[in-house]
Amino acid sequence: MQNPSQPTIARIEDRTRESWDDPVRGSVSWFTLFSSDITPTDSMSAGIAEILPGGGSLQCHRHTEPEIYFIIEGTGILTIEGRETTVSAGAAVFIPGNAEHGLRNESGHDIRLFYIFPTGCFADISYHFTPRMT
């Protein structure tokens, strides 16, 4: 039996930076703050993602779980189900489960966003990337 969740404070300085840097997934890095494999938490996972300026991106993808983004800093082009919208610091975005979405940075400044999934372990999220047309 797993222990029940505990109140937990996480700091980005205590986490390992993970990243993707390839044409299929994009060029994005993140710090997982809450995930049942690294914190005494369940039901939700969350972290901070960073997309560098000048073309960094999280390519369009889907996953079963809904997701929330809160843009902490920067401006980017968010695509959800083929519709592009500019988002900037202070914007909160709800992304339904299985909705195709991605984010790219065409500005000269970093994008930082807080993301949340309604699942206890971030590793349980199965990303399905949309093939890019060449």
Side-chain angles (χ1 to χ4, degrees):
M1 176 181 226
Q2 199 172 18
N3 291 333
S5 285
Q6 300 295 313
T8 304
I9 296 172
R11 298 183 56 80
I12 198 168
E13 301 86 33
D14 299 331
R15 299 294 185 243
T16 301
R17 179 186 297 269
E18 300 177 73
S19 64
W20 291 325
D21 189 11
D22 63 68
V24 173
R25 298 178 292 188
S27 181
V28 59
S29 62
W30 67 93
F31 298 88
T32 302
L33 295 173
F34 299 104
S35 181
S36 62
D37 57 338
I38 60 172
T39 55
T41 57
D42 65 9
S43 306
M44 296 174 67
S45 57
I48 302 288
E50 298 177 339
I51 301 174
L52 296 177
S57 68
L58 174 56
Q59 294 293 350
C60 285
H61 63 282
R62 299 176 189 273
H63 36 71
T64 303
E65 300 78 7
E67 184 175 15
I68 291 174
Y69 288 171
F70 180 77
I71 309 300
I72 299 168
E73 67 181 69
T75 300
I77 308 299
L78 174 71
T79 303
I80 299 179
E81 295 293 6
R83 183 173 172 209
E84 291 188 345
T85 304
T86 299
V87 291
S88 58
V93 180
F94 174 78
I95 303 162
N98 288 313
E100 182 187 58
H101 61 286
L103 181 62
R104 70 181 184 276
N105 187 349
E106 295 179 351
S107 77
H109 304 282
D110 292 356
I111 295 173
R112 292 187 78 188
L113 65 95
F114 180 69
Y115 61 85
I116 305 168
F117 288 106
T119 187
C121 186
F122 179 71
D124 291 343
I125 306 298
S126 181
Y127 284 77
H128 303 279
F129 286 88
T130 305
R132 293 181 72 187
M133 305 303 275
T134 54

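These values consider heavy atoms only, across backbone and side chains, with no hydrogens, waters or symmetry-generated copies.
Donor-acceptor pairing under 3.5 Å is recorded for the side chains of S5 and D42.
Counting heavy atoms from C-beta on, the side chains of T86 and E106 never come closer than 4.5 Å. For the pair F94 and Y69, the minimum side-chain heavy-atom distance is 4.5 Å or more. Counting heavy atoms from C-beta on, the side chains of S36 and S45 never come closer than 4.5 Å. Looking only at side-chain heavy atoms (C-beta outward), V28 and L103 stay at 4.5 Å or farther from each other. In this structure the side chain of P40 reaches within 4.5 angstrom of the side chain of T8, judged on heavy atoms. Counting only heavy atoms from C-beta outward, the side chains of T75 and I111 never approach each other to under 4.5 Å. In this structure, T85 and I77 have side chains that are not in contact, with every pair of non-hydrogen atoms separated by 4.5 Å or more. Inter-residue side-chain proximity for T64 and N98 is flagged as met; some heavy-atom pair is nearer than 4.5 Å.
The backbone N or O of G76 lies less than 3.5 Å from no partner atom in the side chain of N105, so there is not a single donor-acceptor pair. With R15 contributing its side chain and T32 its backbone, the two residues share a donor-acceptor pair below 3.5 Å. Looking only at distances, no side-chain donor or acceptor of R104 sits under 3.5 Å from a matching main-chain atom of S57. Using modelled atom types, no side-chain atom of H109 and backbone atom of S107 make a donor-acceptor pair closer than 3.5 Å.
In this structure, Y127 is not a member of the same hydrophobic cluster as F31, with clusters built from ILVMFWY side-chain heavy atoms closer than 4.5 Å. Tracing side-chain contacts under 4.5 Å through hydrophobic residues (I, L, V, M, F, W, Y), one reaches I80 starting from L113; they form part of the same cluster. Taking hydrophobic clusters as Ile, Leu, Val, Met, Phe, Trp and Tyr residues chained together by side-chain heavy-atom distances below 4.5 Å, I68 does not share a cluster with I125. One hydrophobic cluster holds both F34 and I116 under the rule that ILVMFWY side chains link at heavy-atom gaps under 4.5 Å. Hydrophobic clustering (ILVMFWY, side-chain heavy atoms < 4.5 Å, transitive): I48 and F70 are in one cluster.
In this structure, OG on S27 lies 11.5 Å from CD on E50, to the nearest 0.5 angstrom. Distance check, rounded to the nearest 0.5 Å: OH of Y115 to CD1 of I71 gives 13.0 Å. Taken to the nearest 0.5 Å, the CD1 atom of I9 stands 12.5 Å off from the OG1 atom of T39. Of the inter-residue distances, the one linking F122 atom CZ with E65 atom CD reads 10.0 Å to the nearest 0.5 angstrom. A distance of 10.5 Å separates CG in L33 from OG1 in T41, rounded to the nearest 0.5 Å. Atom CZ in F117 sits 10.5 Å away from atom OG in S35 (nearest 0.5 Å).
Nearest approach of P53 to G108, heavy atoms of both residues: CB-C, 3.4 Å. The shortest non-hydrogen separation linking F114 to A46 is CZ-CB, 3.8 Å. Considering all non-hydrogen atoms of both residues, P66 and P118 come closest at O-CD, 3.1 Å.
Test E100, Q59, H61 against T130 for side-chain hydrogen bond (donor to acceptor under 3.5 Å, both in side chains) and you get one pass: E100.
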Working for ring-ring contact (aromatic ring centres under 6.0 Å, His included), residues F129 and W20: CA-CA 12 Å; F129 286 88; W20 291 325; 5.4 Å; yes
Step-by-step side-chain contact (heavy atoms from CB on, under 4.5 Å) determination, I12 to R112: CA-CA 12 Å; I12 198 168; R112 292 187 78 188; 3.3 Å; yes
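Salt bridge E81/R62: present, at least one basic N to carboxylate O contact under 4.0 Å.
Aromatic ring centroids of H63 and H128 lie 6.0 Å or more apart.
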